[in-house]
Amino acid sequence: MDYKIPRGTYDILPQQSYKWQKVIDAFRKIAAVCGYQEITTPVFEQASLFERSSGESSDVVKKEMYRFQDQKGREFALRPEGTAPVVRSYVENRLDLGGSNTKLFYIGPMFRYDRPQAGRYRQFYQYGIEFIGSDNPYFDAEVISILWNYLTGLGLRRLRLELNSVGCPQCSTAYDTALRNYFQPSLADLCPDCQLRFGQKPRRLLDCKVPSCKQIAAYAPSQLEYLDDACKVHFSAVQDNLGLMQIPFTINPRIVRGLDYYTNTAFEIVYEGLGAQNSLAGGGRYNGLIEQIGGKSIPAIGFAGGFERLLLALDEEEVELGAPGVPDVYVITLGEAAQKLVLPYLNALRGAGIYAEFDPDKASFKAQLKAADHSQARFALIVGEDEVAANQVTLKNLQSGEQQTLPLEPSDRIIQLLKA
RNA sequence: GUGGGUGUAGUUCAAUGGCAGAGCACCGGAUUGUGGUUCCGGGCGUUGUGGGUUCAACUCCCAUCACCCACCCCA
């Protein structure tokens, strides 16, 4: 083998495809019934779009972005996430001037230069929702409910929805100050990573896993105590709405979104039983992002989830996603005359929407019947010398073994039988 | 980016430094046109790759690549 697939990527092979189609179709369906329409953006964008929106200090931008220059020296990046491109498109196409809400969803590959691990790839596929246009807490609940209903609808049970509010930029900076005050005295005892976090993103100190840091962080103030009145009201309204929609959640004041643009509502869905990469999806409000990217000041909220982990979780929970398609009929011929007769027949069946399989390389009758059995086709359509002579075909039900003879010409009757 | 583990047939796994094997899967056959069960037959695979040690390496050593696990990050 001379060529190898790039590290951290994978092929979706035909035997796996139907599962992907199933989860993708289910997502499209639920998005549609909530009024969301699909948007597809390029897989690469100006690198600065992500630098500015995700935050220069975020790991995603700092060390995980695939960057390249094109022939004219322009700086591009393979998109590491979906929200910034959607917002870029929204602003660029002046959807912000319409004055009404915009409901979008996307599905596509994202790219991050991470060390590969179970549930973590360098090219991975995400589904996501972006609601743009209103700060009404109903929409927080709507967006979260889409995610929740999608995942539970697929059959997942061991899900946990964790909810938090990171507040508006004002309460957020107030909170950062409070955290710095809290950690200041123990600064020297923190791990090197945390010492960096102290300066850049103090709230990251809260989910450090080093035991000594954990201990120090144990009594740190909670974000929720530093929400201003408006943010408090919003947060509790979101909770009320979720309650009314009967979506269970737990408040986790320590969940922190990795990208800088989040405000107020932040949430994450974790699946118990996936190992380290157990976060199935996450999202939140980003009320300042549209303005930051050059549009009007318009509130918005969204989420993104990864299909790879979703499929792992479905596998873990032994959810059956159906099976690959099997032929309705397997066509068996014997002799040259039969083969000639059968080609127009095949075409007619397929034209009528019937999945018909045929392999002229299988010579013997036995081999063909074996192949028919192996294909799990429901029927075998047999055209041999006898049939040619008698101007008819034999239709054999492979489950029951019953067979009947029918006129040679493809008829509605046969099509009905095969479709049944 | 850091630490640990693994790498043998399509696949799951064997092989005290001494001839590279088995189950499953796959293909063919068991007299003329009837499948699933059964029986018989079918495998030289650069033992991930490249070096080294040795009379001899799947086995020991080094490097490299890939995957897995954890950290990290995040979906």
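We use all heavy atoms of the structure for the numbers below, so side chains are in, but hydrogens, waters and symmetry mates are not. Order of the sequence lines fixes the chain letters, A, B, ..., with proteins taken first and strands second; residue numbering starts at 1 for each chain.
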Write down the protein N/O and nucleotide N/O pairs, taken from nucleotides 3-6 of chain B, whose separation is under 3.5 Å; answer none if there are no such pairs.
residue : atom : partner  : partner atom : Å
B/G3    : O6   : A/Arg115 : NH2          : 3.1

What interatomic distance, in whole Å, is found between [atom1] of [M] and the corresponding atom of [N]?
{"N": "B/G21", "M": "B/U59", "atom1": "C1'", "answer": "15 Å"}
{"N": "B/A20", "M": "B/C13", "atom1": "C1'", "answer": "14 Å"}
{"N": "B/U11", "M": "B/C67", "atom1": "P", "answer": "16 Å"}
{"N": "B/U46", "M": "B/U8", "atom1": "C1'", "answer": "13 Å"}

Is a donor-acceptor contact shorter than 3.5 angstrom present between the side chain of [X] and the base of [N]?
{"X": "A/Lys366", "N": "B/U34", "value": "no"}
{"X": "A/Gln368", "N": "B/U34", "value": "no"}
{"X": "A/Glu387", "N": "B/G33", "value": "yes"}
{"X": "A/Arg120", "N": "B/C73", "value": "yes"}

What about the rings of [X] and [Y], do their centers lie closer together than 6.0 Å?
{"X": "A/Tyr261", "Y": "A/Tyr286", "answer": "yes"}
{"X": "A/Phe249", "Y": "A/Trp148", "answer": "no"}
{"X": "A/Phe307", "Y": "A/Tyr127", "answer": "yes"}

Problem - Pair assignment for RNA chain B - dot-bracket with | for other-strand partners, Watson-Crick or G-U under 3.5 Å - result: (((((((..((((....[..)))).(((((.......))))).....(((((..]....))))))))))))....

Between [X] and [N], does any side-chain N or O lie under 4.0 Å from OP1 or OP2?
{"X": "A/Gln117", "N": "B/A70", "answer": "yes"}
{"X": "A/Arg378", "N": "B/G35", "answer": "no"}
{"X": "A/Arg7", "N": "B/C67", "answer": "yes"}
{"X": "A/His374", "N": "B/C26", "answer": "yes"}

Looking at every strand, decide which applies to [X] at a 4.0 Å heavy-atom threshold: base, sugar-phosphate, or nothing.
{"X": "A/Gly128", "answer": "nothing"}
{"X": "A/Ala372", "answer": "nothing"}
{"X": "A/Gln277", "answer": "base"}

Which of the following nucleotides, [options], is nearest to the side chain of [X]?
{"X": "A/Leu398", "options": "B/G33, B/G35, B/A75", "answer": "B/G35"}
{"X": "A/Ala118", "options": "B/C68, B/C74, B/G33", "answer": "B/C68"}
{"X": "A/Lys370", "options": "B/C73, B/U34, B/G36", "answer": "B/G36"}
{"X": "A/Pro116", "options": "B/C67, B/G35, B/C73", "answer": "B/C67"}
{"X": "A/Asp373", "options": "B/G33, B/G36, B/A75", "answer": "B/G36"}

Practice task
Check the pair A/Ser53 / A/Gln292 against side chain to side chain donor-acceptor pair (under 3.5 Å), numbers first and verdict last.
Solution key: CA-CA 7 Å; A/Ser53 60; A/Gln292 197 189 345; over 6 Å; no

Practice task
Could you please spell out the steps behind the side chain to side chain donor-acceptor pair (under 3.5 Å) verdict for A/Tyr125 and A/Gln123?
Solution key: CA-CA 7 Å; A/Tyr125 292 81; A/Gln123 172 170 339; 3.0 Å; yes

Problem - Side-chain (A/Arg79) to main-chain (A/Met110) donor-acceptor, under 3.5 angstrom - result: no

Practice task
Rounded off to whole Å, could you give me the CD-to-C1' distance for the A/Gln392 and B/G33 pair?
Solution key: 14 Å

Problem - Separation of atom CD1 in A/Ile332 from atom C1' in B/G33, rounded to whole Å - result: 10 Å

Handout entry: Pair A/Glu142 + A/Lys103: basic N to acidic O under 4.0 Å
Key = yes

Problem - Pi-cation contact, A/Tyr113 with A/Arg122 (under 6.0 Å, within 45°) - result: yes

Could you tabulate the donor-acceptor pairs under 3.5 Å formed by side-chain atoms of residues 327-348 of chain A, not counting sequence neighbours?
residue  : atom : partner  : partner atom : Å
A/Asp328 : OD1  : A/Arg378 : NH1          : 3.0
A/Asp328 : OD2  : A/Tyr355 : N            : 2.8

Problem - Chi angles and distances behind the side chain to side chain donor-acceptor pair (under 3.5 Å) call for A/Arg285, A/Ser165 - result: CA-CA 9 Å; A/Arg285 250 190 193 284; A/Ser165 173; over 6 Å; no

